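Throughout, residue positions are numbered sequentially from 1 according to the sequence presented. Source: prediction; values computed, not measured.
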Amino acid sequence: MNNKNNLQGKIALVTGASRGIGQGIAIALGQAGATVIGTATTERGVANITNAFQEQSVSGVGMILDVTSSDSIKTLMSAIKTTYGAVNILVNNAAITQDNIFLRMKDEEWLSVIQTDLNAVFLLSKACVRDMLKAHWGRIINIGSVVGSTGNPGQANYCAAKAGVIGLSKALALEVGSRDITVNTVSPGYIETDMTNALSDEQRNSILSRIPMQRPGKVEDIAAAVIFLASPEASYITGQTLHVNGGMHMN
């Protein structure tokens with residue numbers, strides 16, 4: 001499959017695109033022909049996105065966004081529509097973790113993760129789906145996690161949010177499928193990023209021992225899955241969870 005120009009003319013929005021998986025996805029979408037708006041919570045993050053786009057000859061820009069704020073989302077969507085047109089590819093990637101064992105988890109740790117990792121997917125999808133319905137075409141791709149399917153001690157909030165993303169994706173897929181809008185989840189396993197590189201050798205080896213392929217994944221592996229689901233070749237795939245984890249978890 002040649003992805004070089006199969007998203008030409010599409011407007012893609014990728015949240016949490018200043019580094020790691022989000023930035024990799026945003027650049028891959030741009031290299032496939034889309035105009036890409038990547039979001040970050042700070043001006044420094046926005047500058048990182050814009051600079052990365054320029055270095056990779058990607059058409060698009062970084063913009064600031066608080067994914068938990070309806071007002072911030074409304075401002076962003078208005079700016080995108082005025083400058084570029086309606087978003088027709090949405091990648092909900094922004095997420096945080098606030099780990100703690102269940103009995104010690106504070107209400108704020110629970111709520112902040114649910115708001116950023118689950119509520120934001122609802123808010124952004126709702127902000128984009130009306131224009132997708134009018135256009136009779138759209139792609140919503142939500143970035144989940146292997147732990148949304150397996151669970152993980154110390155991450156009740158994150159696991160609940162990512163499991164919720166899968167359920168939300170399925171429900172929305174049922175509602176909008178008749179308008180050629182697909183909604184899918186990509187669930188990464190252990191992927192090499194700045195965050196995972198900070199793990200100790202002991203932690204790293206423990207994780208690798210549970211992966212049949214005996215190696216971590218790369219950002220490019222997740223980006224390739226997103227590009228496929230956004231492409232014309234995936235037009236009959238919706239409501240699905242695509243696990244990209246080297247066999248760490250199998251449905």
Begin with the C-alpha distance, continue with both residues' side-chain angles, and end with the deciding distance and a verdict on side-chain hydrogen bond (donor to acceptor under 3.5 Å, both in side chains) for T68 and D66. CA-CA 5 Å; T68 68; D66 175 359; 2.7 Å; yes
For L29 and A12 the tightest heavy-atom approach is CD1-CB, 4.0 Å
Same cluster (ILVMFWY, side-chain, under 4.5 Å), L172 and L13: yes
Report whether F122 and V14 are members of the same hydrophobic cluster (ILVMFWY, side-chain heavy atoms less than 4.5 Å apart, transitive linking). no
Given the rule in the side-chain hydrogen bond (donor to acceptor under 3.5 Å, both in side chains) test, do N184 and Q240 qualify, once you have shown the distances and angles that lead to the verdict? CA-CA 5 Å; N184 293 288; Q240 302 303 312; 5.7 Å; no
Gap between atom OG1 of T41 and atom CG of L65 - 0.5 Å precision: 9.0 Å
M77 side, atom CE; S70 side, atom OG - distance, nearest 0.5 Å: 12.5 Å
Measuring only between side-chain heavy atoms, which start at C-beta, is Q56 closer than 4.5 Å to Q23? no
Distance alone, cut at 3.5 Å: any donor-acceptor contact between the side chains of S231 and N6? no
Indicate yes or no: at least one non-hydrogen side-chain atom of Y190 is less than 4.5 angstrom from one of N245. no
Distance in Å, S149 OG paired with H243 NE2, rounded so as to fall on 0.5 Å steps: 4.0 Å
With clusters built from Ile, Leu, Val, Met, Phe, Trp and Tyr whose side-chain heavy atoms come within less than 4.5 Å, directly or transitively, what are the remaining members of the cluster of I64, listed by chain and number? V46
Can you tell if the side chain of I37 reaches within under 4.5 Å of the side chain of I11, non-hydrogen atoms only? yes
Residues I80, V87; criterion side chain to side chain contact (heavy atoms under 4.5 Å, CB included); working and verdict: CA-CA 8 Å; I80 294 172; V87 170; 3.8 Å; yes
Given C128 and I140, is the side chain to side chain contact (heavy atoms under 4.5 Å, CB included) satisfied, shown in steps? CA-CA 9 Å; C128 293; I140 298 175; 5.7 Å; no
Just how far is it from atom CD of E108 to atom CD of Q115, taken to the nearest 0.5 Å? 11.0 Å
Check this for me: does any side-chain nitrogen of one of E175 and K170 sit under 4.0 Å from a carboxylate oxygen of the other? no
For N93 against G16, the heavy-atom pair lying closest together: ND2-O, 2.9 Å
Look at the side chain of T116 and the backbone N and O of I96, then say whether any donor-acceptor pair between them is shorter than 3.5 Å. no
Side-chain donor or acceptor of S235 paired with backbone N/O of P232 under 3.5 Å: yes
V183 side chain near N142 side chain, heavy-atom distance below 4.5 Å: yes
Treating Ile, Leu, Val, Met, Phe, Trp and Tyr as nodes and any side-chain heavy-atom pair under 4.5 angstrom as an edge, say whether L133 and I73 lie in one connected cluster. yes
Listing, residues 208-222 side-chain donor-acceptor contacts under 3.5 Å, not counting sequence neighbours, or none:
residue	atom	partner	partner atom	Å
S209	OG	S206	O	2.6
R210	NH1	S206	O	3.4
D221	OD2	K218	N	2.7

Please round to the nearest 0.5 Å and tell me the distance separating atom CG of N92 and atom OG of S125. 4.5 Å
Between S18 and A40, is there a donor-acceptor pair closer than 3.5 Å when you use the side chain of the first and the backbone of the second? no
Heavy-atom closest contact (L229 atom, T182 atom, distance): O-OG1, 4.3 Å
Would you say the side chain of E233 lies within less than 4.5 Å of the side chain of F228, judging by non-hydrogen atoms? yes
Note, N157 side chain near M105 side chain (heavy atom, < 4.5 Å): yes
On a heavy-atom basis, which atom in A94 and which in T15 lie closest, and how many Å separate them? N-OG1, 2.9 Å
K10 side chain near T35 side chain, heavy-atom distance below 4.5 Å: no
Do S169 and T185 have side-chain N/O donor and acceptor atoms under 3.5 Å apart? yes
I'd like to know if the side chain of R204 reaches the main chain of L199, judged simply by a donor and an acceptor atom lying under 3.5 Å from each other, with no hydrogens or angles considered. no
In terms of heavy-atom contacts, S187 and S145 come closest through OG-N, 3.5 Å
Establish whether I25 and I237 are linked, either directly or via other cluster members, by ILVMFWY side-chain heavy-atom contacts under 4.5 Å. yes
Verdict with supporting geometry, V36 and Y84, side chain to side chain contact (heavy atoms under 4.5 Å, CB included): CA-CA 10 Å; V36 188; Y84 300 102; over 6 Å; no
From CA spacing to verdict: side chain to side chain contact (heavy atoms under 4.5 Å, CB included), I207, M248: CA-CA 9 Å; I207 295 169; M248 189 179 189; 4.0 Å; yes
Membership question, hydrophobic clusters at under 4.5 Å side-chain separation (ILVMFWY): are V226 and V146 in the same one? no
I'd like to know if the side chain of T196 reaches the main chain of T193, judged simply by a donor and an acceptor atom lying under 3.5 Å from each other, with no hydrogens or angles considered. yes
Closest heavy-atom pair and its distance - A173, T238: CB-OG1, 3.4 Å
Euclidean distance, K106 NZ relative to Q98 CD, rounded to 0.5 Å: 9.5 Å
Min side-chain heavy-atom separation R19-D194 under 4.5 Å: yes
Residue list, side chain to side chain contact (heavy atoms under 4.5 Å, CB included) with T97, at least two apart or on another chain: D99, Q155, Y158
